[in-house]
Protein chains: 2
Amino acid sequence: MTVDLQKIKKKLANNNYKMTSQRKAILEKIIENQGSHLSAEEIYEQVKKDDSNIGLATIYRTLELLCDLGIIHKLNFDDKCRRYELDKEDEHHHHLICFECGEITEFNDDILEDFEEDIKEEHSFEVIDHRIKFYGYCQVCQ
Amino acid sequence: MTVDLQKIKKKLANNNYKMTSQRKAILEKIIENQGSHLSAEEIYEQVKKDDSNIGLATIYRTLELLCDLGIIHKLNFDDKCRRYELDKEDEHHHHLICFECGEITEFNDDILEDFEEDIKEEHSFEVIDHRIKFYGYCQVCQ
DNA sequence: TTGACAATGAGAATCTTTTTCGATACAATT
DNA sequence: AATTGTATCGAAAAAGATTCTCATTGTCAA
C-alpha cells in the first residue's frame with residue numbers, strides 16, 4: 001500500500017495533533033478497507049471489534065480531522081450517509097455506480113486534464129480538482 | 001423555457017397521479033428558479049408565500065414523485081441537504097463549485113461521450129449517465 | 001508529580017428526511 | 001345531490017445521520 005502511518009503521524013504532529021490509539025485504529029480500518037468507501041457507522045462497527053469502548057463521536061471527530069488534513073475525503077453517493085476514502089495524491093480515480101445493485105467500483109484515469117484548461121478560458125473558473133460519477137449497469141446487472 | 005406544465009401534467013396522468021394545486025405550485029417554483037438548485041426547505045419557503053398552509057411533508061413527497069417520473073433529479077453537493085433541479089433531456093450540464101464562496105455555476109457540455117465507449121470495453125460497465133463536479137475558484141475568489 | 005491542555009465517551013441536541021394517520025378533495029357512480 | 005372509492009394532504013411523530021456538550025481521562029513537558 002502507498003499509505004504510511006508514520007507519514008500520517010508526522011502530518012498530525014505538524015498540526016499539533018497526536019496519534020492516539022483511537023485515531024490509529026480508525027486509520028487502520030480505513031486503510032484495510034481501501035476501495036470500500038466506508039461510512040462513519042461502518043468504521044465504528046469495525047473499530048469496535050478491537051476497542052469496544054470507542055465512541056461514535058470519536059469516529060466523526062477523527063474523520064473530520066483527517067479530512068481537514070487532506071488524508072481522506074468525503075464522498076457523496078446517493079446513499080443517505082457520507083462515505084470516506086483515502087486521498088491518494090498520486091492517482092485520480094472515479095466511480096462507476098450501478099443503478100441496479102448499487103455496487104460502486106473504482107476506475108483510474110486522468111481524463112479531463114485538458115478540459116480544465118478550456119474551462120479556465122471559457123468560464124474564468126480555475127479548476128483544482130474534479131469528481132466524476134458514471135451511472136449505469138455493472139457486468140452482473142446488464 | 002423548455003419546460004411545459006401541460007406535458008408534466010400528462011406525464012402525471014399517465015402514471016395515475018393528479019396535478020394538484022400543491023404540485024403545481026412546487027413545480028412553478030422549481031421552474032422559476034432554474035439554475036438555483038433549491039433544497040426542499042427552500043422550496044417550502046417559496047411555496048409558503050402563496051399557500052401558507054402547505055406542509056413540508058408534501059414538498060418531500062412531491063419531490064420524490066417528480067424524481068421517480070424523471071422530471072427532476074437530486075443533487076448532492078457537500079451541503080447537508082439534498083438539492084433538486086429540472087431534468088432536461090436535451091442538454092447535459094455539469095457544475096463548477098467554488099471552494100471559497102461555495103457558489104455553484106452550471107456549464108453545458110457533452111464531454112465524455114466517447115469515453116463511455118472505452119469504459120464499456122475496459123470495465124464491462126454500461127454507462128447510462130454521468131455527473132461531473134469541478135472544484136476550484138470562481139472568477140471572484142481567485 | 002503536577003499542571004495544562006488535548007482527546008475521549010456518553011448522551012443530548014440538532015437537522016434533514018420519512019412515516020403514520022386521520023382528515024380532505026375530487027372524480028365517477030348512483 | 002348524495003355516496004363511494006381513492007389519491008392527496010397537513011400535522012405531528014419517528015427515524016437516521018451528524019454535531020455538540022460536558023465531565024472525565026490521557027499525555028507530556030516542566
Side-chain angles (χ1 to χ4, degrees), chain A residues 8-30 37-69 71-84, chain B residues 8-30 37-69 71-84:
Chain A
I8 295 178
K9 186 170 177 180
K10 270 183 205 150
K11 206 167 199 173
L12 284 166
N14 288 342
N15 291 274
N16 268 330
Y17 296 113
K18 294 162 192 165
M19 176 64 92
T20 64
S21 66
Q22 291 92 337
R23 287 176 183 165
K24 190 155 161 243
I26 293 169
L27 271 162
E28 278 168 353
K29 292 304 176 187
I30 295 175
H37 318 105
L38 299 178
S39 66
E41 195 72 37
E42 285 163 357
I43 293 170
Y44 181 50
E45 294 306 330
Q46 294 270 333
V47 176
K48 238 183 158 172
K49 283 185 207 154
D50 306 337
D51 172 9
S52 61
N53 207 33
I54 197 169
L56 182 54
T58 300
I59 307 288
Y60 277 104
R61 275 187 293 237
T62 302
L63 291 173
E64 187 63 33
L65 176 60
L66 296 176
C67 279
D68 288 349
L69 297 180
I71 295 163
I72 61 174
H73 59 255
K74 289 181 189 157
L75 295 173
N76 252 323
F77 297 116
D78 297 324
D79 249 330
K80 52 186 67 180
C81 61
R82 297 193 187 137
R83 300 183 167 276
Y84 299 83
Chain B
I8 296 179
K9 185 170 177 179
K10 269 183 205 151
K11 206 168 197 174
L12 284 166
N14 288 342
N15 292 273
N16 266 331
Y17 297 113
K18 294 164 193 163
M19 176 64 92
T20 64
S21 65
Q22 290 93 335
R23 287 175 183 165
K24 191 156 161 241
I26 292 168
L27 271 162
E28 278 168 354
K29 292 303 176 186
I30 295 174
H37 319 105
L38 299 178
S39 66
E41 195 72 34
E42 286 164 355
I43 293 170
Y44 181 49
E45 293 306 331
Q46 294 271 331
V47 177
K48 238 184 160 171
K49 283 185 209 155
D50 305 336
D51 172 10
S52 61
N53 207 34
I54 198 168
L56 182 54
T58 301
I59 308 288
Y60 278 104
R61 274 187 294 237
T62 302
L63 291 173
E64 186 65 33
L65 175 61
L66 295 176
C67 279
D68 288 350
L69 296 180
I71 294 164
I72 62 175
H73 60 256
K74 290 179 188 158
L75 296 172
N76 250 324
F77 297 116
D78 298 324
D79 252 327
K80 53 185 65 179
C81 61
R82 298 198 186 132
R83 299 181 168 280
Y84 298 83

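Here is the naming used below: chain letters follow the sequence lines, and residue numbers restart at 1 for every chain. Note that these values count all heavy atoms, side chains included, but never hydrogens, waters or copies made by symmetry.
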Taking only the side-chain nitrogens and oxygens of [X], find out if one of them lies under 4.0 Å from OP1 or OP2 of [N].
X	N	result
B:R83	C:dT16	no
B:S39	C:dT16	no
B:R23	D:dC9	yes
A:T20	C:dT8	yes
A:Y60	D:dT18	yes
A:Q22	C:dG9	yes
A:T58	C:dG9	yes

Could you give the [atom1]-to-[atom2] distance, from [X] to [N], as a whole number of Å?
X	N	atom1	atom2	result
A:I54	D:dG26	CD1	P	14 Å
B:K24	D:dT8	NZ	C1'	17 Å
B:D79	C:dT14	CG	P	21 Å
A:N76	D:dT18	CG	C1'	13 Å
B:D78	D:dT19	CG	P	12 Å
B:E41	C:dT16	CD	P	6 Å
B:R82	D:dA17	CZ	P	11 Å
B:I59	C:dT18	CD1	P	13 Å

Result for 5'-nearest mapping on DNA chain C, choosing between A:L65 and A:L56, is A:L65
Quick note, B:R61 side chain, CB onward, closest among D:dT19, D:dG10, C:dA10 is D:dG10
Of the candidates D:dT8, D:dT18, C:dT17, the side chain of B:A40 sits closest to C:dT17
Correct closest heavy-atom pair for B:Y44 and B:L56 would be CE1-N, 3.6 Å
Taking every heavy atom of A:D79 against every heavy atom of B:R82, the minimum-distance pair comes out as O-NH2, 4.0 Å
Exercise. With the threshold set at 4.0 Å, does a side-chain nitrogen-carboxylate oxygen contact exist between A:E42 and A:R83?
Worked result: yes
Checklist line | A:E64 bridged to A:K74 by N-O distance under 4.0 Å | finding: yes
Of B:N16 and B:A57, the one whose nearest nucleotide on DNA chain D sits closer to the 5' end is B:N16
Judged by nearest nucleotide, the residue sitting upstream toward the 5' end of DNA chain D, A:K74 or B:Y44, is B:Y44
The single option from B:I72, B:I71, B:I26 that satisfies side chain to side chain contact (heavy atoms under 4.5 Å, CB included) with B:Y84 is B:I72
